[in-house]
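As structure tokens, the structure follows; a few thoughts come after it.
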Amino acid sequence: MKVYKFGGASVKDAGGIRNLAKIVSEEKDDMVVVVSAFGKTTNALEQVLKKWLEGDRCYRDYLDNIYSYHASVADDLFSSGNSAREKIDISFAELREYLLSAKKSHYDYDYDQVVSFGELWSTAIVAGYLRESGLSAEWIDIRKSLITDDSYRDANVLWNESQSRIKTVFDFSRSPLFVTQGFIGGTVAGKATTLGREGSDYTAALLASMLEARSVTVWKDVPGLLNADPKWLPDACRLEEISYKEAVEMTFSGAKVIHPKTIKPLHNKNIPLYVKCFIDPSAEGTIVRSDATLKKVMPVFVRKENQILISILPRDFSFVMGDNLSMIFQLFLNNGIKVNLVEASAISLDVCVDDERSRVEVLLEDLDSEYTALYNENVELLTVRHYTPEAITRITSGREVLLEQRTRSTVRFVVRQDPPTPLKGG
Ligand code: ASP
Ligand code: MG
């Protein structure tokens, strides 16, 4: 069997879903189709949640807009009497009811209860349309099978529990084609959880691994994995074939095309990942697999914006080693801060992290008793794999470099974020 994953951009309107159906109908193998929320629905649901938490009743208008969007896509696709249409109405009513009656709990929990609806709606419509197109597609509520702990908004999958449920639920002797949600899961107690923004790729990889798929294909609006973000470097070109290691390095450094957690489950079972373009399904795309080499070794550029560079120095001038190191990193972990780069010297430690300001502030307070911590905000992390002198000049010239780290294959720079373009005439 194979796993196909369609992201929000590929299912943003009725045309996208017709295209999805065409791509799916051309595949003869048994299949699981993993779908994200339509277009920017996750962002829109975040806004509903925000208003609701503020006690602002205009959250209902925001939700009505999301409803109209889904209803119009469904009405465009379905002839009357498709049961998915009714399912959408029931599901929206359920969320409205929840928002009327639920008490505010903690943010991450509320987030998952509300935002997880986006994937439930998109998959109901996609499955309904596939059935209407004559395919025997079965809709699966993944919250009951992909079981996680209760780390809401960044839930950890409970592997054994999930695997046995997944194997029972996705029974290909019952149906050749299943449609299910990316990004969401559920606790043993039946509460919705989410796996982190853009987490649908990760879901696809988890299901592929648990079901021993032959491959995973992620359908995107770009021609594959590129050697840079074309919004940054417009002459970016497609990578034909890369190794799991290369892909992990790229996504960890900030390449946004696939979610960083996606590669590990695939690597562990040696399942290839295809990144393909849904606008031109016959185009080659990129293959990520174990024995791949970069066919043409070219520099790969990755940029991670919105970073903070924190410099930590022990107040008593002791070395940053052993106990000190483990204590500092424990504080990062406790505060849920992801570390993107570390550079140590005898009595100082530089750490580059995502600028999640509220978390960083607590961290700085925690460090304060034993360490002096200085930080530079508005910085970004630039990574070049397979670097050349020209590649380095290209991205650093005219930039203020605060830190540089070099290995044989990779060079990384922490630079000050480009100032906003000054207004003319000012
Ligand atoms: N819909 C979710 C998001 O936008 C998950 C995903 O797209 O992968 O973050
Ligand atoms: Mg998305």
Side-chain angles (χ1 to χ4, degrees), residues 3-13 16-17 20 32-50 62-63 65-67 69-70 73 88 91-92 95 107-108 110-127 139-143 146 148 151-157 179-186 192-208 216-222 225 247 251-252 254-266 273-278 304-306 338 354 356:
V3 177
Y4 274 11
K5 181 258 165 172
F6 292 88
S10 58
V11 289
K12 66 178 190 314
D13 52 26
I17 294 163
L20 174 153
V32 175
V33 176
V34 174
V35 184
S36 302
F38 287 171
K40 301 268 179 244
T41 301
T42 305
N43 294 355
L45 282 166
E46 286 180 346
Q47 291 308 313
V48 170
L49 176 73
K50 182 166 178 281
Y62 284 43
L63 191 54
N65 287 339
I66 304 176
Y67 172 76
Y69 172 29
H70 285 76
V73 173
I88 294 299
S91 182
F92 270 91
L95 177 56
Y107 179 75
D108 294 348
D110 293 336
Y111 182 99
D112 286 2
Q113 306 323 302
V114 173
V115 170
S116 56
F117 273 88
E119 270 69 12
L120 296 172
W121 301 326
S122 65
T123 49
I125 294 175
V126 167
W139 181 86
I140 299 288
D141 181 349
I142 202 73
R143 294 172 300 178
L146 193 67
T148 71
S151 306
Y152 294 101
R153 223 150 69 81
D154 193 17
N156 301 297
V157 172
V179 176
T180 197
Q181 306 78 39
F183 175 58
I184 71 175
T193 55
T194 64
L195 308 176
R197 284 302 307 265
E198 307 300 330
S200 297
D201 298 337
Y202 180 42
T203 306
L206 288 167
L207 296 182
V216 174
T217 306
V218 172
W219 295 91
K220 315 246 13 154
D221 56 357
V222 288
L225 293 177
T251 54
F252 182 80
K256 292 189 196 79
V257 186
I258 40 178
H259 190 279
K261 283 185 175 172
T262 310
I263 303 300
K264 181 172 181 274
L266 299 178
L273 170 70
Y274 296 88
V275 180
K276 294 194 45 124
C277 180
F278 67 80
K304 210 175 175 96
E305 289 158 290
N306 302 324
K338 293 196 175 120
D354 293 346
E356 290 212 48

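Whatever order the structure lists them in is the order used to number ligands and atoms, beginning at 1. Numbers here simply count residues along the sequence, with the first being 1.
The part of S36 lying near ligand 1 is the side chain, judged by heavy-atom distances below 4.0 Å. When heavy-atom distances to ligand 1 are checked against a 4.0 Å cut-off, H259 has no atom that comes that close, whether in backbone or side chain.
Below 4.0 Å from some heavy atom of R197 lie the following atoms of ligand 1, by number and element: 3 (C), 4 (O), 9 (O). Heavy-atom proximity to F183, at under 4.0 Å, picks out these atoms of ligand 1: 2 (C), 5 (C). Using a 4.0 Å cut-off to heavy atoms of E119, the atoms of ligand 1 that qualify are 1 (N), 2 (C), 5 (C).
Take T262 and apply the side-chain hydrogen bond (donor to acceptor under 3.5 Å, both in side chains) test, not counting sequence neighbours, and it matches no residue. With sequence neighbours excluded, no residue forms a side-chain hydrogen bond (donor to acceptor under 3.5 Å, both in side chains) with Q47.
Residue G199 places a heavy atom less than 4.0 Å from ligand 1.
Applying side-chain hydrogen bond (donor to acceptor under 3.5 Å, both in side chains) to T193 and the options D108, N156, T148 leaves one that passes, T148.
For Q113 (side chain) and L95 (main-chain N/O), no donor-acceptor pair under 3.5 Å exists by modelled atom type.
Between H70 and W121, the ring-plane angle classifies as perpendicular under the 30° and 60° cut-offs.
Between D201 and ligand 1, not a single N/O pair is under 3.5 Å apart.
In summary, K261 and D154 engage in a salt bridge, as defined by a charged side-chain N under 4.0 Å from a carboxylate O.
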